[in-house]
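Before any comments, here is the structure.
Each chain gets a letter, A, B and so on, in the order its sequence line appears, and its residues count up from 1. Every heavy atom of this structure was used, including side-chain atoms; hydrogens, water molecules and symmetry mates were not.
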Amino acid sequence: MPELPEVEVSRQGLLTYLTGRRIVGAVVRTSKLRHEIPVGLDHRLSGLTVEAISRRGKYLVFDCAAARGGGWLLIHLGMSGSLRLVPPATPAQKHDHFDLVFPETVLRLRDPRRFGDVLWQDGPVVDCHPALATLGVEPLSDDFSGDWLHAATRRRRMPVKPVLMDNRLVVGIGNIYAAESLFLAGISPLRRADQIDLEHYRRLALAICSTLRASIAAGGSSVRDYVHSDGGAGCYQLSCAVYGRAGQPCPSCANAVQVVRQAGRSTFYCSNCQC
DNA sequence: CGTTACCCCTGGAGGC
DNA sequence: TGCCTCCAGGGGTAAC
């Protein structure tokens, strides 16, 4: 579920329901996800108001009266995390690790693999939190471009695909969108990052932006349902050109889509269209 | 410094 | 039916 577009659409879905709402408590059922959930978080959150919800990379960032003595709640969904709004007193199920409780609704985090995170940053500044401090550029911001990408990869001898997934460089690009963007740009995922020229990086940056934006636009309705309590019904499937399609015809040239292993992850691509 | 190998954790799919 | 292996949209760390 969660790469940048899914997190962004979740954010947009939650905005309407939670902005301006007062937190009455939190429930921690599993203390350790990727990191330990801070002790006393329930007490710290109680009485604070959610003033805004933003996103940094794949983190959801809840502004809990940060400028007025509160702080920031950070939620990362890892590989298998999901958020739902459920009615108060809805029984928790297996893997429901954390609740943010409001008078009229509960934001519930479910995460079977527990690669997600619930973190807290006290005070007015969120960027100093260790989880955010080393993050790279937002791919949908003005700071991101082909020229920037080209300059930032001059000493990167790794294949371009794992470089795209390095969140110290660019955030939010996971295994799916790395593959899809490289396909759209006609660049092989095996190419060394430092051997790709400026023109191709300009194509790649445009491909990344359009892929992410299209996914945000397309994901809207389904992830909004996902955020609501009716999760499960009508699971939305993103239509991919190459990801997950090993052996199937490339949508452009009909050659079989290839799959290889890079840095422990599957990489899908068309060896005819991408070079 | 850049790069690799491995670890964290559960569940689903498919082979036998 | 069970047991086994492999795979999964993320990310951190130790070691070379």
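A:G81 and A:P2 get closest at one heavy-atom pair: O-CG, 4.3 Å. The minimum heavy-atom distance linking A:R110 with A:D96 is given by the pair NE-OD1, 2.6 Å. Nearest heavy-atom pair, A:A205 versus A:S145, reported as atom, atom and distance to 0.1 Å: CB-C, 3.6 Å. Contact detail for A:Y177 and A:E3: the closest heavy-atom pair is CD1-OE1, 2.7 Å.
A donor atom on one side chain and an acceptor atom on the other are not found under 3.5 Å apart for A:T211 and A:E180. In this structure, a donor-acceptor pair under 3.5 Å is absent between the side chains of A:H150 and A:D147.
When rounded to the nearest whole Å, the span between CD of A:Q262 and P of B:dT4 equals 10 Å. Rounded to an integer number of Å, the gap from A:R168 CZ to C:dG10 P is 16 Å. One atom, CG of A:L169, and another, P of B:dT3, lie 11 Å apart when rounded to the nearest Å. Across the protein-nucleic acid pair, A:K58 atom NZ and C:dG11 atom C1' stand 9 Å apart, rounded to whole Å. Here B:dC8 presents its P atom at 16 Å from CG of A:D111, a figure rounded to the nearest Å. As a whole-Å value, the separation of A:E6 CD from C:dA8 P is 17 Å. In this structure, A:M79 atom CE and B:dC9 atom P are separated by 14 Å, rounded to whole Å. Look at CZ on A:F115: it is 5 Å from C1' on B:dC9, rounded to the nearest Å.
Figure legend. C:dG2 is base-paired to B:dC16; pairs are counted as Watson-Crick or G-U wobble with both atom distances under 3.5 Å. Across all strands shown, nothing is found opposite C:dG9 as a Watson-Crick or G-U wobble partner with both distances under 3.5 Å.
For B:dC9, the base has no donor-acceptor partner in the side chain of A:R114 [N/O atoms by modelled type, under 3.5 angstrom]. At a cut-off of 3.5 angstrom, counting only N and O atoms as typed in the model, there is no donor on one side facing an acceptor on the other between the side-chain of A:E3 and the base of C:dG10.
Closest to the A:R261 side chain, of the nucleotides C:dA8, C:dG9, B:dT10, is C:dA8. In the set C:dG9, C:dG12, B:dC9, C:dG12 carries the atom at the smallest distance from any side-chain atom of A:Y59. The nucleotide whose nearest atom lies closest to any side-chain atom of A:R34 is, among B:dC8, C:dA8, B:dG11, B:dC8. Considering only the side chain of A:H76, C:dG11 comes nearest among C:dG11, B:dC9, B:dT4. When the nucleotides B:dG11, C:dG9, C:dA8 are ranked by their closest atom to the side chain of A:P112, B:dG11 comes out on top.
Rounded to whole Å, the separation between the P atoms of C:dC3 and B:dC9 comes to 23 Å. If you take atom P in C:dC7 and the same atom in B:dC6, they sit 14 Å apart, rounded to whole Å. Here the separation of C:dC6 from B:dC7, taken at their P atoms, is 14 Å to the nearest Å.
Here A:Y243 reaches the OP1 or OP2 of C:dG9: one of its side-chain N or O atoms lies under 4.0 Å away. For B:dT10, the OP1/OP2 oxygens have no side-chain nitrogen or oxygen of A:H95 closer than 4.0 Å. The side chain of A:R265 contributes an N or O atom lying less than 4.0 Å from OP1 or OP2 of C:dG9. In terms of phosphate contacts, A:S266 brings no side-chain nitrogen or oxygen within less than 4.0 Å of OP1 or OP2 of C:dC7.
A:K32 comes within contact range of no nucleotide atom at all, as no heavy-atom separation falls under 4.0 Å.
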